[in-house]
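Everything on this sheet refers to the single structure shown next.
Predicted model only: the values in this text are computed from it and were never measured.
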Amino acid sequence: MMNKIILLLFLVTFSMVAQKTKKPNIIVILADDISAREFPIYNSDTWSSAKGNKDSQDLKLRAHTPMLNKLAKEGMYVKTAWASVVCSPSRAMLMTGRYPHLHKWWGNNTIGQYTDEDGNLGTYPLFASSPLSIGHVAKKGGYATMWSGKSQMRNRNLQKFGFDEGVFTPGESDITELGENPYSNFTIKLKKVNGKKELYNQDTGKPLGYPYYASSSWYWKPHVMLMNHPSSKKQFEWWPNTKESKKEYGVNTYGPDVELDFIFDFMERKVKDEQPFFVYHTTHLGHAAMNYLNPEEHEYKWIETPKITWKNGGYIKTKPNITGAKGVYNTHGTLSASGIHSHVNYLDYQIWLYLKKLKTLNIDDNTLIIFCADNGSSKYGKNSPDSQKGTHVPFMVYGPGFNFTKKGEQDVLVNLSDILPTVAEIGGVEIPKDYEINGESLMPFLTTKKKTHRDWVYGYKDNLQLIRGAKVLKDGLNKWYDVREYPLDLISFPEIKNWDNVPKDLVEERDALNLILPKYNTFKNNQHGPLKEVHKRELKALQEKKKAKKEATKNKKMNKKEK
């Protein structure tokens, strides 16, 4: 009996040592459009209403996040982490470790142009502006790489971002090379009817009847594209792509579940191959979407998730039971209520699944999880340059097998740009000295007695710049705030209107931050990437045309007002 116990202890000890001597696995989870205030761990007294059109203090609309709380408390979470104010530039910041003076992704509609190697004018891709993007860095570090979820890379070419495999629920422009999806009619398309452009719901066959945008479903009956998956016959392929998956696919198929299933399949294969992995999970959860199950409920931005219940330290998921067709569906009480809190709850459920999977694969002590979001909540912070509404996002780091010196809440400053250099340091990848990185690795802060991480954080949209230090904040409206203490709603800092009445150290920090900004404020004079002269002239003419149109609209309004 004693020999068996000794053998068991030896095997457990050997397993733990084996985990820690291998290069650690890394999982980066990026939620979509969710402010820090939506997570209970951040202790905001205010969160989003069910429709997102106003603030709420209704506890029924408060998310319940036992697993994210576990990540935050047993790992660490950052009190002030900043992204950009909207998705495309935030994802560019995270994936490149750089700010837009280099990558040129200023806003969703102001991504810089460039002349490609064939002489064509197009969107400046991140793999061209920043060849050491996060997928390439992980590959250089010896990791097998996977990207799952939202792509949003405009120029497509997803195979050029350094990922071995991909499972994308792209929604819009990234899927054109595959043509029509033969499996899902949950799509909004722009059609020309009697000379007029109208949006049509392909499921109902009817015009939408209210303002929206052309897109495909990434939630129920999702559009899913595979890249380099072992089951695929070619590099890019629509899913379902096997006899079994085609049989199971339908209106009860939920996109975030599909993404996670493929991630777990990837993890299993890499553990079997004894190869460390890097997963970039860009979930859509948090993002408002078209409700194909109930098109008349379009005012409710966050459509229902599968119903989940927290009980006895674990989650119970109700199997979705959706019946019906052509815009008339019955969910039979198997789905959650609408609201961003349901999306946050489902993220918590997925974190529970992640931790269970890591334990099953015996890699829980050798895997690092970074959880964050790309910008503030829709109708509250998204696109907002006001205070830190648009930039303030959750940020958690969890790695139970790492000897981190920091635990729980950390009152420090972090930018999304810091993730890439952190991955590089963990992977042992040296960034060339002549290759500019604006992020700073978190590892020195996480593993030493260092009390601060960085002196300032930065956010942006087009020509608007936001910057914050430990004491003062300048928002995109050029208002300055005293941020030494957090208000209950996380944004209502006292505005500084008279600098003669504030302490000297606040004035000194303001002056220091003002010296930093000119380096990055190149939107007006250097918005684009490398261009041919002909394209410079084309873009200048287009800019002048837009300016003239804007001026004409302004004059028309003024004339109308005078009349």
Over 60° means perpendicular and under 30° means parallel, so classify the ring planes of [Y] and [X], tilted if in between.
X      : Y      : result
Tyr315 : Trp310 : perpendicular
Tyr354 : His281 : tilted
Trp456 : Tyr99  : tilted
Tyr280 : Phe163 : parallel
His287 : Trp218 : perpendicular
Phe404 : Phe402 : parallel

Determine whether [X] and [Y] make a side-chain contact, defined as any pair of heavy atoms from C-beta on separated by less than 4.5 Å.
X      : Y      : value
Phe168 : Trp147 : yes
His528 : Lys104 : no
Arg468 : Leu413 : yes
Asn108 : Pro89  : yes
Ile34  : Leu347 : yes
Glu38  : His341 : no
Lys406 : Val412 : no
Pro24  : Ile426 : yes

(message) Quick check on side chain to side chain contact (heavy atoms under 4.5 Å, CB included): which of Lys461, Lys389, Lys379 does Ser384 satisfy it with?
(response) Lys389

(message) Here's a test for you: under side chain to side chain contact (heavy atoms under 4.5 Å, CB included), which of Val167, Ile29, Thr283 qualifies with Ser148?
(response) Val167

Is a donor from one side chain sitting under 3.5 angstrom from an acceptor on the other, for [X] and [Y]?
X      : Y      : result
Asp33  : Asn375 : yes
Ser48  : Arg37  : yes
Asp32  : His343 : no
Tyr486 : Thr80  : yes
Gln465 : Tyr520 : no
Asp265 : His229 : yes
Asp374 : Ser90  : no
His136 : Ser133 : yes
Ser35  : His392 : no

Look at atom [atom1] of [X] and say whether more than 12 heavy atoms of other residues, nucleotides or ligands are closer to it than 6.0 Å.
X      : atom1 : value
Asp455 : CG    : no
Lys79  : NZ    : yes
Asp511 : CG    : yes
Lys356 : NZ    : no
Lys357 : NZ    : yes

(request) Check step by step if side chain to side chain contact (heavy atoms under 4.5 Å, CB included) holds for Arg98 and Tyr435. (result) CA-CA 10 Å; Arg98 298 170 133 188; Tyr435 186 88; 3.6 Å; yes

So, taking the atom named [atom1] in [X] and the one named [atom2] in [Y], what distance separates them when rounded to the nearest 0.5 Å?
X      : Y      : atom1 : atom2 : value
Gln388 : Ser492 : CD    : OG    : 10.5 Å
Asp411 : Lys451 : CG    : NZ    : 13.0 Å
Asn438 : Asn415 : CG    : CG    : 9.0 Å
Lys22  : Gln275 : NZ    : CD    : 11.5 Å
Trp82  : Thr391 : CH2   : OG1   : 4.0 Å
Lys474 : Lys479 : NZ    : NZ    : 12.0 Å

Shortest non-hydrogen contact from [X] to [Y]?
X      : Y      : result
Trp106 : Pro100 : CZ2-O, 3.4 Å
Lys317 : Tyr349 : CD-OH, 3.3 Å
Ala373 : Leu416 : O-CD1, 3.7 Å
Arg62  : Pro40  : NH2-CA, 3.5 Å
Ile370 : Phe395 : CG2-CZ, 3.9 Å
Asp348 : Leu68  : OD1-N, 2.7 Å

(request) Kindly indicate whether a cation-pi arrangement holds for Arg454 with Phe445, taking the cut-offs as under 6.0 Å to the six-membered ring centre and within 45° of the axis. (result) no

I want to know whether [X] and [Y] have ring centres closer than 6.0 Å.
X      : Y      : value
Phe262 : Phe264 : no
Tyr42  : Tyr77  : yes
Phe371 : Tyr398 : no

(request) Take Asp418 and His453 through the test side-chain hydrogen bond (donor to acceptor under 3.5 Å, both in side chains) and record every step on the way to the result. (result) CA-CA 10 Å; Asp418 299 337; His453 169 55; 3.0 Å; yes

So that I can tick it off, tell me whether [Y] and [X] are bridged by a salt bridge, with the cut-off set at under 4.0 angstrom between side-chain N and carboxylate O.
X      : Y      : value
Glu436 : Lys519 : yes
Lys471 : Asp482 : no
Arg269 : Asp273 : no

(request) Take Lys382 and Val85 through the side chain to side chain contact (heavy atoms under 4.5 Å, CB included) test and state the conclusion after the steps. (result) CA-CA 6 Å; Lys382 186 175 183 177; Val85 302; over 6 Å; no

(request) Test side chain to side chain contact (heavy atoms under 4.5 Å, CB included) on Met76 and Met396 and set out the steps. (result) CA-CA 6 Å; Met76 75 95 177; Met396 303 171 193; over 6 Å; no

